[in-house]
S.K.: 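Provided herewith is a single structure, encoded as structure tokens, for subsequent inquiry.
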Amino acid sequence: MADECKFEKPRGTRDFGPDEMYRRRLVEKNMRECFERFGYREIQTPTFENLELLTAKSGEGIIDELYDFTDKGGRRLALRPELTAPVMRFYVNEMQRETKPLKLFYLSNCFRYDRPQKGRYREFWQIGCELIGPNSPLAHSEVISLAYEALKSAGVQQIVLRVGSLGVLKPLITGLGLDGCDERAAMRLIDKSEYESLEKFLSEKGVGAADAKRFLATIRCKSIPDARALLSDSIGSELSVAFDYLDNVMRLLDSFGVANCTLDLAIARGLEYYTGLVFEIDAPLLGAEKQLCGGGCYSLVPLFGGLEVPTSGFAIGFDRTIVALEEEEYSFETPRSTDAFIVPVGDGGRLLECAAGISATLRKAGKRVEVDLMARSVGKALKYADKIGVKKAVLVGENELEKGAVLVKDLVSGEQMEVELRRLPECV
RNA sequence: GCCCGGGUAGUGUAGCCUGGUUAGCAUCAGGGAUUGUGGAUCCCUUAGCCCGAGUUCAAAUCUCGGCCCGGGCCCCA
């Protein structure tokens, strides 16, 4: 290299080479088709939005993790860090009167100013959906089964689905009698499954030992009857309704064919706008960054000035899905190779023009065709064609051209035959 | 933002601890042996110590800072 390259890609971004791009497109295709099987239609929103849209739901604190900037007109903008808020904005702007259910999905890049790790980048892709209108166990269990099936369609084998309910968790926490700030701190510990710290925390905040113990036992229950039994004497109607709802969802999930679904009342999703059902899907193989998907029921539309409407959805980390597939040594199908490799035998006369013309004719016939662009010798050209997996080589030489023909060599069998130019499309 | 490990041709690596030959090997790429016939073999060529400062007669090697990558935290909409 005479000159050293002076530029590197920005931290946390990636270049995708041909092999990797092929794999990503393949996985994209499999997942897109899954969303379409459930009746969802793809949409796209702008890469950047007004900053206030993105801070409206989570406060100014998230600016630290946003790529924000001011444009030449003085507008405060930011690259989107996720897609739920932009999609809801789109809905409020233009789709409120669409027939329901409105089923939308997306696959787009997002940006967060985070410390990069494996499966965690500053530019990353999310595939996900939003369901607008319906509000029922059937609708919500179908959303969860779509998340599960999308990952299965991608080819991921080992995934763990956990379903919880803020309709259950929130009243339970309220029952502890903490103030708002302490509730949030408790939620954080719950979400991280740090039960020892949580127990200590509750004790410090004056929660009675018996109440704390029962709370901890409840959120760790693996079945709804167990949880109900623990709470039997204190279960209010609000909690009871939430449990019934969750129970319905889990039974319907079973009917939708979702295996390995476990109850996890400790899912808090660290997010203010979730309202009821919540769920997460992990790939245990992935270590620290193992969460592939998160979602649930939420409320953003009123915040953006729209008419109240039930909304639910989820987002799958597309890059992590790829990492999971690689960890599982998923065998990606190999790209279809070139049908014909055209070798001008020398460069005399009109050989190059003939080779170009032949390639055009074959491409019009739908063939994948390459012409030797390196002016290789016949021997080198055949060697190269064999290496890249071409099935047929077409040798364009003067001797045959005089008869209006070329030589077609089958690189697998080694057989070679003379073919008239007009019959060539049938022979490759 | 914090802690730990790493960075040598395009790719994978040896060398570093214990400073001192022309930085070795494999693979890939291009060419040739073979100017009209591939898969083998042989030969040739291109190409590297992440960046900067310091210590030293001498730094890939030791020290410090930066950048980037990986593992773990914080966070994770």
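On a predicted model such as this, the values are computed, not experimentally measured, just so you know. Within every chain, numbering begins at 1; the chains are lettered A, B, ... in the order of the sequence lines, protein sequences first and strands thereafter.
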S.K.: Under a 4.5 Å cut-off applied to non-hydrogen side-chain atoms, are A/M95 and A/I132 in contact?
M.R.: no

S.K.: Using whole Å, what does the distance between atom P of nucleotide B/rG1 and atom CZ of A/R112 come to?
M.R.: 18 Å

S.K.: Name the pairing partner of B/rG30, where a pair is Watson-Crick or G-U wobble with both distances under 3.5 Å, or state none.
M.R.: B/rC44

S.K.: In the structure shown, which nucleotide is the Watson-Crick or G-U wobble counterpart of B/rG5, with both distances under 3.5 Å?
M.R.: B/rC69

S.K.: When you look at NZ of A/K364, are more than 12 heavy atoms from neighbouring residues, nucleotides or ligands closer to it than 6.0 Å?
M.R.: no

S.K.: Of the nucleotides B/rC73, B/rC69, B/rU37, which one has an atom closest to the side chain of A/L382?
M.R.: B/rU37

S.K.: Nearest whole angstrom, please: distance from the P of B/rA77 to the CE of A/M187.
M.R.: 12 Å

S.K.: In whole Å, what is the span from the CD1 atom of A/I342 to the P atom of B/rG38?
M.R.: 20 Å

S.K.: Ignoring hydrogens and angles, tell me if any N or O in the side chain of A/Y245 forms a donor-acceptor pair with the backbone of A/S136 under 3.5 Å.
M.R.: yes

S.K.: Does a distance-only test, which skips hydrogens and angles, find a donor-acceptor pair under 3.5 Å between the side chain of A/R115 and the base of B/rG71?
M.R.: yes

S.K.: Is there a side-chain contact between A/D339 and A/V369 in this structure, where contact means two heavy atoms from C-beta onward sitting under 4.5 Å apart?
M.R.: no

S.K.: Go through B/rG30, B/rA77, B/rC76 for me and flag the one nearest to the A/M374 side chain.
M.R.: B/rG30

S.K.: Tell me if a side-chain donor or acceptor on A/S337 pairs with a main-chain N or O of A/G389 at a distance below 3.5 Å.
M.R.: yes

S.K.: Can you establish whether the number of heavy atoms outside A/R363 located under 6.0 Å from its atom CZ is more than 12?
M.R.: yes

S.K.: Is B/rU21 paired to anything, Watson-Crick or G-U wobble with both distances less than 3.5 Å, and if yes, which nucleotide?
M.R.: none

S.K.: With both distances under 3.5 angstrom, what nucleotide forms a Watson-Crick or G-U wobble pair with B/rA14?
M.R.: none

S.K.: Tell whether A/R120 reaches the base of B/rG71 with its side chain through a donor-acceptor pair below 3.5 angstrom.
M.R.: no

S.K.: Which residues in residues 411-428 of chain A have at least one heavy atom lying under 4.0 Å from any atom of RNA chain B?
M.R.: A/L411, A/G414, A/Q416

S.K.: For A/E49 and B/rA77, what is the distance between atoms CD and C1' respectively, to the nearest whole Å?
M.R.: 14 Å

S.K.: Verify the contact: side-chain N or O of A/R188 to OP1 or OP2 of B/rC74, cut-off strictly under 4.0 Å; return yes or no.
M.R.: no

S.K.: Counting only side-chain N and O atoms of A/K380, is one of them less than 4.0 Å from OP1 or OP2 of B/rG30?
M.R.: no

S.K.: For A/E65 and B/rA77, what is the distance between atoms CD and C1' respectively, to the nearest whole Å?
M.R.: 9 Å

S.K.: Please confirm whether any donor atom in the side chain of A/D64 sits under 3.5 Å from an acceptor in the base of B/rG1, or the reverse.
M.R.: no

S.K.: What is the separation between atom CG on A/L189 and atom C1' on B/rC74, rounded to the nearest whole Å?
M.R.: 13 Å

S.K.: Which base, if any, makes a Watson-Crick or G-U wobble pair with B/rG38, both distances under 3.5 Å?
M.R.: none

